[in-house]
A.B. asks: 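Attaching a single structure in structure tokens format; questions to follow.
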2 protein chains.
Amino acid sequence: MQITRQSEYAIRTLVEMAKHAADETLSTQAIALRQEIPADFLKKTVKLLILARLVTTQRGINGGLRLARPAEEISLLDIITAVDGPIALNVCLAEGNNCKNQNSCSISAALAKAQDAMVNELAKISLASLAKANE
Amino acid sequence: MQITRQSEYAIRTLVEMAKHAADETLSTQAIALRQEIPADFLKKTVKLLILARLVTTQRGINGGLRLARPAEEISLLDIITAVDGPIALNVCLAEGNNCKNQNSCSISAALAKAQDAMVNELAKISLASLAKANE
DNA sequence: ATAAATGGGATGAATTTAGTCACCATTGGA
DNA sequence: TCCAATGGTGACTAAATTCATCCCATTTAT
């Protein structure tokens with residue numbers, strides 16, 4: 001019932017980026033150093049962020065990462081989902097499940113309600129607000 | 001980011017019990033059969049429910065399980081916590097963490113907010129309501 | 001060319017999860 | 001009194017997940 005450490009790394013990475021100018025590129029090395037994240041591991045995390053269209057990258061000297069959209073338009077939910085996949089409090093709430101009783105299952109409905117409450121909160125929190133409070 | 005299967009087994013077990021009279025004992029075998037839970041695994045789960053004071057047990061012939069309190073007074077949060085331990089959306093929100101920056105950490109605060117939203121919902125859902133909707 | 005950067009695959013240790021098995025302890029009833 | 005049905009407990013295991021580390025290929029500004 002936890003986000004993965006990789007997910008937390010992604011959050012910290014994006015917060016670090018949001019604290020810099022939007023047109024500035026930051027290398028994974030620099031981020032890894034400042035946030036104390038294993039550099040090689042971060043490279044793999046970045047790949048997930050690219051797939052989720054949260055960052056863009058530039059190879060070569062002076063390359064690095066940039067936010068793909070304004071920090072105001074990236075939510076905590078976006079980041080966690082990008083790394084850990086869709087949030088599902090139980091197997092039966094995950095995509096592609098085939099529990100035939102789902103429609104009439106009071107347990108599934110109850111868990112869905114709690115999950116929605118959490119997801120709604122996560123969607124409300126913007127990367128911009130995290131970066132600002134972290135200055 | 002999921003409850004464990006063991007936690008779901010516990011929920012189903014207690015719902016099954018809540019559908020019977022409070023003074024009736026149900027054997028783990030009977031519950032395992034009806035809910036399609038591996039019997040030996042369920043025995044281990046029951047131990048956790050006893051420790052959390054959610055059920056009481058009676059050994060010997062005609063023995064089995066009973067709810068330790070009225071189904072109205074047992075919440076989904078009680079059950080999940082009994083089996084999976086306290087809910088913590090991130091390491092830094094778990095008991096005994098020692099992140100020195102926690103007080104000023106905007107990420108930890110944001111995750112705590114989302115977690116609280118979920119926990120509050122889970123606390124609202126009673127075993128009685130789950131059993132009723134499942135009749 | 002060279003150095004700095006991302007891209008990507010192979011590998012592995014540690015932990016967690018889910019389950020099985022064997023055997024012990026207790027108890028009520030025949 | 002003894003048996004069968006019940007819960008109690010610990011050892012063990014297979015599989016999946018998590019969290020890395022290492023190596024080398026590719027791109028690019030100077």
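Source: prediction; values computed, not measured. Lettering of chains follows the sequences in order, A, B, ..., and the numbering in each one begins at 1.
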A.B. asks: Indicate yes or no: at least one non-hydrogen side-chain atom of A:K124 is less than 4.5 angstrom from one of A:S75.
C.D. replies: no
A.B. asks: Looking at C:dA22, D:dT21, D:dC24, which one has an atom nearest to any side-chain atom of A:K43?
C.D. replies: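 Nearest listed nucleotide: D:dC24.
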A.B. asks: Just checking B:E73: does its CD atom have more than 12 heavy atoms from other residues, nucleotides or ligands closer to it than 6.0 angstrom?
C.D. replies: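 Enclosed: over 12 neighbouring heavy atoms sit under 6.0 Å from CD of B:E73.
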A.B. asks: Between C1' on C:dA5 and CG on A:L42, what's the gap in Å once rounded to a whole number?
C.D. replies: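 Distance check: A:L42 CG to C:dA5 C1' gives 13 Å.
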A.B. asks: If you assign A:Q6 and A:I61 each to the DNA chain D nucleotide with the nearest heavy atom, which residue ends up on the more 5' nucleotide?
C.D. replies: A:Q6
A.B. asks: Rounded to the Å, how far apart are A:L48 CG and C:dG7 P?
C.D. replies: 12 Å
A.B. asks: Measuring from the side chain of B:L65 (C-beta onward, heavy atoms only), which nucleotide among D:dA29, C:dG28, D:dG7 has the closest atom?
C.D. replies: D:dG7
A.B. asks: Side-chain N or O of A:R5 less than 4.0 angstrom from OP1 or OP2 on D:dA20?
C.D. replies: yes
A.B. asks: What about A:K44, does its side chain sit under 3.5 Å from the base of C:dG7 through a donor-acceptor pair?
C.D. replies: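 Not at all, since no donor on one side and acceptor on the other fall under 3.5 Å apart.
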A.B. asks: For C:dA4 and A:S27 - does any side-chain N or O of the residue sit under 4.0 Å from the phosphate oxygens OP1/OP2?
C.D. replies: no
A.B. asks: Between atom CE in A:M1 and atom P in C:dT15, what is the gap in whole Å?
C.D. replies: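 Taking atom P of C:dT15 as the reference, CE of A:M1 is at 23 Å.
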A.B. asks: D:dT26 base to A:R59 side chain: any donor-acceptor pair below 3.5 Å?
C.D. replies: yes
A.B. asks: Let me know, please, whether A:N62 or A:T4 comes out on the 5' side of the other along DNA chain D by nearest nucleotide.
C.D. replies: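 Per heavy-atom nearest nucleotide, the more 5' residue is A:T4.
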A.B. asks: Can you confirm whether A:E24 is buried at CD, in the sense that more than 12 heavy atoms of other residues, nucleotides or ligands lie under 6.0 Å from that atom?
C.D. replies: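 Check passes, neighbour count above 12.
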A.B. asks: For residues B:V119 and B:Q115, determine if any side-chain heavy atom of one lies less than 4.5 Å from a side-chain heavy atom of the other.
C.D. replies: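 Side-chain contact under 4.5 Å: yes.
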A.B. asks: Out of C:dG28, D:dA29, C:dT20, which nucleotide sits closest to the side chain of A:Q58?
C.D. replies: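 For the A:Q58 side chain, the nearest candidate turns out to be D:dA29.
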A.B. asks: Please check the phosphate of C:dT6 (OP1 and OP2 only) for any side-chain N or O of A:T28 closer than 4.0 Å.
C.D. replies: yes
A.B. asks: So what does B:I50 touch, heavy atoms closer than 4.0 Å: a base, only the sugar-phosphate, or nothing?
C.D. replies: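 Counting heavy atoms under 4.0 Å across all strands, the contact made by B:I50 is with sugar-phosphate only.
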A.B. asks: Please give, in whole Å, the distance from C:dT6 C1' to A:L26 CG?
C.D. replies: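 Result: 14 Å.
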A.B. asks: If only side-chain N and O atoms count, and only distance matters, is there a donor-acceptor pair under 3.5 Å linking B:S126 with B:E72?
C.D. replies: no
A.B. asks: Report the distance from atom NZ of A:K47 to atom C1' of D:dA25, rounded to the nearest whole Å.
C.D. replies: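 Distance, rounded to whole Å: 14 Å.
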A.B. asks: Please determine which of A:L14, A:I74, A:I125 meets the side chain to side chain contact (heavy atoms under 4.5 Å, CB included) test together with A:L130.
C.D. replies: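 It is A:I125; the other options fail the test.
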A.B. asks: Separation of A:I3 atom CD1 from D:dC19 atom P, in whole Å?
C.D. replies: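 About 10 Å, once rounded to whole Å.
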A.B. asks: With respect to the phosphate group of D:dG7, does any side-chain polar atom (N or O) of B:T57 fall under 4.0 Å of OP1 or OP2?
C.D. replies: no
A.B. asks: Take the protein atom CZ of B:R12 and the nucleotide atom P of C:dA18, then report the distance between them rounded to whole Å.
C.D. replies: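 Rounded to whole Å, this separation is 12 Å.
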A.B. asks: In whole angstroms, how far is the C1' atom of D:dT6 from the CG atom of B:L33?
C.D. replies: 14 Å
A.B. asks: Quick one: is B:Y9 getting a side-chain N or O under 4.0 Å of the C:dA18 phosphate, OP1 or OP2?
C.D. replies: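 For C:dA18, OP1/OP2 do not have a side-chain N/O of B:Y9 under 4.0 Å.
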